[in-house]
Undergrad: 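My structure is below; once you've seen it, I'll send some questions.
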Amino acid sequence: MSKGILSFLIFAYTLFSAQQKPVQIAFLSDVHFQDLYGSFSDNDFKGIINPGTGKETILRTMDAQLHSTRIFNENYFAFLKALDDIAEKGIKIVAMPGDFSDDGQAYNLRGLHQILEQYHQKYGIEFYMTTGNHDPVGPFWQDAGKDDFLGQDGYPLGIYSKDNIGKINHKIITRDIAESGYLEILNELKDFGFYPKKQDRFWSTPFAQYSLKDYSYEKALQDADYTRRMYNVSEGFPVPDLSYVAEPVQGVWLMAIDGNTYIPKNTKENPANAENYKGAGIGYNNVLSHKKHLIDWVKKTMEEARKNGKTVIAFTHYPMIDFNDGATKEIKDLLGEKKWQMERVPEEQVAQAFAEAGLQVHFAGHMHINDTGIRKINGRMLVNIQVPSLAAYIPAYKVLTIQSPDKMEVRTEVLNQVPRFNELFPLYEKEYEVLQKEGRKTAWNKDILKSASYHDFMLFHLKELVRLRMIPGDWPKDFIEKTKDFTGEHLLLLVQTNKQLQEKRIHKEAFKNWKTEDLIFDLYKFQSADELAKKDIPGERLQQYMILEELFRKYQGSDPMILKLKSVFKILSLLSTGDPADHFEINLEKNSVNRL
């Protein structure tokens, strides 16, 4: 055999092998990075001394954490652990679907940049980001601050960007706590997808005029400029749109959709007034009304991808499909239109618009939940994968493995053990001592400081969040008062007599081991973790829930309280039996999603 033929065969085999190798992408959403060990450019304050480590630390109070849908501090360590996991797995592409920062403050953006650059240099990981409603909070830079940082004496500390804002007298003033706008975020994080990378085979924005055929890095670099990425959200109100599509490896296009829609409150105001814009938390419902060019861009991009044999994976901060597993109407009927974050549920027109534009696989964040949503519209399937937050229960990230253009695997990687997650606990002890010393009503349960793992800590966080915020804010007071002392046995006897229970061989004694508060907590576990919540609920209780759901479903009476409980069990049933959300395969050829 001649050397020429042998060389050709080796080349062909190498090319074939490279093409057959699966592409892996990790998705890290809602990191809400706050730099515990950062510093300010215009103030010497570097935090308070942690008696456990001797380190200066900039952190928020535990009280603030337990009233928020996210933690602010321990997620710093979880972020590092997730990146270590990803590096160990040999994954070279990481997509971050928004809320990568905690309100886009300059010191947090700098700290995030440093960490991402370290992992890029050490492991060759390429990062691709898109913005969420916390980065930026509004389209333009604005003064801001927080009242709930922790001071050295255990009291709250205010950190503000100027002196005349905030409620706390003990305060630090630094412009680095102000909320950055798009321009500042772009300038700090341009290397992480927002600008083209030289090694990208393609990169473009909704405003670019070139196609793959006439692509060049130089053209892309020009179109990446901030001034070329503007659109009118309302007539005369130009705001940025940092959407882009990139080809980090041969044949795969990563589409980063900037779903933030900042609508002016008053169209007679100055367009440059940063305070005149509504928040973007509602997500895609506002895209349909104020940012329609995104749908046109998705359609155009999908058509070009098909023409050139590219596989498109989209990611954005906001869900495109209802994430309540069919329970949305029941939740609204039970709690009301404005509760349980109902305003964030995307309308069905959102899924329809993007499915008709040709989109098939989409990763989202925003809701801090684990979920999969599927819509089949006119023969097309759109799969929306909700990536959990590292700053909430259940703390996890997703790994996509592209086996072929039509077959993909999604795996959920839960962070159970996180090194150093309890590093700040001595500081919380001080905070707790102050609350007791002042005779204040202690807001949080100190037992959270006994958590043995990060998983346990985040589960405790959810429990306290439900107790301190969700139940008081979402649930009818009279319902909670009437049912708070009910055990599972009480619930059984509301819809069955003792005789009926004996005939059905249901042992009511076994239902005494839990109360209504446990039922509501488990409801939130399923909302947050989907099928993964089953690991955190006793198996016997899960069986009892199934029995109760069936019995309440058959109830035909008119008692208002029993009807509310009937809704609770229906919601629980729907949330606990949704589409595969842990480890599953997406088959685009068969339009199917199958549990693995």
Side-chain angles (χ1 to χ4, degrees), residues 26 28-39 46-66 68 70-89 94 96 99-102 105 107-123 125 127 148-152 154 157 368 388-397 413-432 444-464:
L28 281 174
S29 190
D30 295 88
V31 170
H32 287 285
F33 179 82
Q34 180 176 277
D35 197 355
L36 294 174
Y37 304 110
S39 60
K46 288 184 172 59
I48 60 175
I49 301 295
N50 183 342
T53 63
K55 284 184 180 179
E56 292 175 305
T57 311
I58 303 172
L59 78 160
R60 309 273 283 279
T61 65
M62 176 62 84
D63 190 59
Q65 295 201 124
L66 296 181
S68 172
R70 65 192 189 276
I71 59 169
F72 306 113
N73 304 324
E74 284 68 27
N75 46 312
Y76 176 95
F77 306 114
F79 182 45
L80 297 178
K81 170 61 175 172
L83 291 175
D84 286 341
D85 275 3
I86 289 163
E88 191 176 328
K89 288 179 173 67
V94 174
M96 300 180 69
D99 282 5
F100 44 77
S101 69
D102 196 59
Q105 302 96 333
Y107 84 102
N108 287 330
L109 297 179
R110 287 196 302 268
L112 179 62
H113 185 150
Q114 289 170 5
I115 288 173
L116 297 183
E117 186 60 30
Q118 286 169 10
Y119 280 83
H120 169 66
Q121 293 295 337
K122 187 172 182 180
Y123 300 106
I125 298 172
F127 294 92
D148 54 19
F149 283 89
L150 189 59
Q152 186 68 56
L157 168 70
H368 302 181
S389 170
L390 298 180
Y393 174 83
I394 193 166
Y397 63 95
E413 300 289 350
V414 179
L415 297 187
N416 290 312
Q417 300 295 333
V418 170
R420 300 168 60 195
F421 85 94
N422 56 357
E423 186 166 301
L424 309 178
F425 284 14
L427 290 167
Y428 301 136
E429 294 271 5
K430 228 173 189 181
E431 175 190 346
Y432 191 85
W444 50 277
N445 186 341
K446 193 181 176 186
D447 285 346
I448 193 171
L449 303 183
K450 297 177 183 176
S451 300
S453 67
Y454 189 64
H455 169 273
D456 293 349
F457 179 77
M458 295 314 304
L459 187 57
F460 208 120
H461 171 263
L462 179 64
K463 186 176 184 179
E464 285 292 88

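Count residues from 1 along the sequence. Hydrogens, waters and symmetry mates play no part in the numbers below; they use all other heavy atoms, side chains included. This one's a predicted model, so the numbers in the text were calculated from it and none came from an experiment.
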Undergrad: Output the distance between atom NZ (Lys46) and atom OH (Tyr107), rounded to the nearest 0.5 Å.
TA: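 The NZ atom of Lys46 sits 13.5 Å away from the OH atom of Tyr107.
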Undergrad: Quick one: does Ser68's side chain have a donor or acceptor within less than 3.5 Å of a partner on Gln65's backbone?
TA: no
Undergrad: Please assess Tyr393 against His455 for the test side-chain contact (heavy atoms from CB on, under 4.5 Å), listing each intermediate value before the final yes or no.
TA: CA-CA 8 Å; Tyr393 174 83; His455 169 273; 4.1 Å; yes
Undergrad: Between atom OH of Tyr428 and atom CG of Leu59, what is the distance when rounded to the nearest 0.5 Å?
TA: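 Going from the OH atom of Tyr428 to the CG atom of Leu59 covers 5.5 Å.
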Undergrad: So does Lys55 get a backbone contact from the side chain of Thr53, meaning a donor-acceptor N/O pair under 3.5 Å?
TA: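 Pair found, side chain donor or acceptor close to backbone of Lys55.
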Undergrad: Is the backbone of Leu150 close enough, under 3.5 Å, to the side chain of Glu431 for a donor and an acceptor to pair up by distance?
TA: no
Undergrad: Can you check whether Phe425 and Phe457 have ring centres sitting under 6.0 Å from each other?
TA: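 Ring-ring flag for Phe425/Phe457: true, centres closer than 6.0 Å.
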Undergrad: Going from CD1 on Ile448 to NZ on Lys463, what distance comes out if it is rounded to the nearest 0.5 angstrom?
TA: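 If I round to the nearest 0.5 Å, the distance is 11.0 Å.
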Undergrad: Is the backbone N or O of Ser39 less than 3.5 Å from a side-chain atom of Arg110, with the two atoms forming a donor-acceptor pair by type?
TA: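 Yes: the side chain of Arg110 pairs with the backbone of Ser39.
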Undergrad: Nearest 0.5 Å, what's the CG-CD1 distance between Leu116 and Ile125?
TA: 9.5 Å
Undergrad: In terms of heavy-atom contacts, does NZ of Lys89 have more than 12 from other residues, nucleotides or ligands at under 6.0 Å?
TA: yes
Undergrad: Hey, is the main chain of Gln152 close enough, under 3.5 Å, to the side chain of Lys430 for a donor-acceptor pair?
TA: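 Between the backbone of Gln152 and the side chain of Lys430 there is a qualifying donor-acceptor contact (under 3.5 Å).
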Undergrad: The criterion is side chain to side chain donor-acceptor pair (under 3.5 Å); which residues satisfy it with Gln417, sequence neighbours excluded?
TA: none
Undergrad: Would you say Asp63's side chain and Trp444's backbone share a donor-acceptor pair under 3.5 angstrom?
TA: no
Undergrad: Once side chain to side chain contact (heavy atoms under 4.5 Å, CB included) is applied, do any residues pair with Ala82, and if so which ones, sequence neighbours excluded?
TA: Leu28, Leu390, Tyr397, Leu415
Undergrad: Side-chain contact, heavy-atom cut-off 4.5 Å: Leu109 with Ser101?
TA: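 Leu109 vs Ser101: side chains touch.
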Undergrad: Less than 6.0 Å separating the ring centroids of Tyr37 and Tyr76?
TA: yes
Undergrad: When you measure from the side chain of Asn108 to the backbone of Asp35, do you find a donor-acceptor pair of N or O atoms at a distance under 3.5 Å?
TA: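 Judged by distance alone, yes, a pair lies under 3.5 Å.
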Undergrad: Indicate yes or no for a side-chain donor-acceptor contact from Asn75 to the backbone of Val31 under 3.5 Å, with no hydrogens or angles considered.
TA: yes
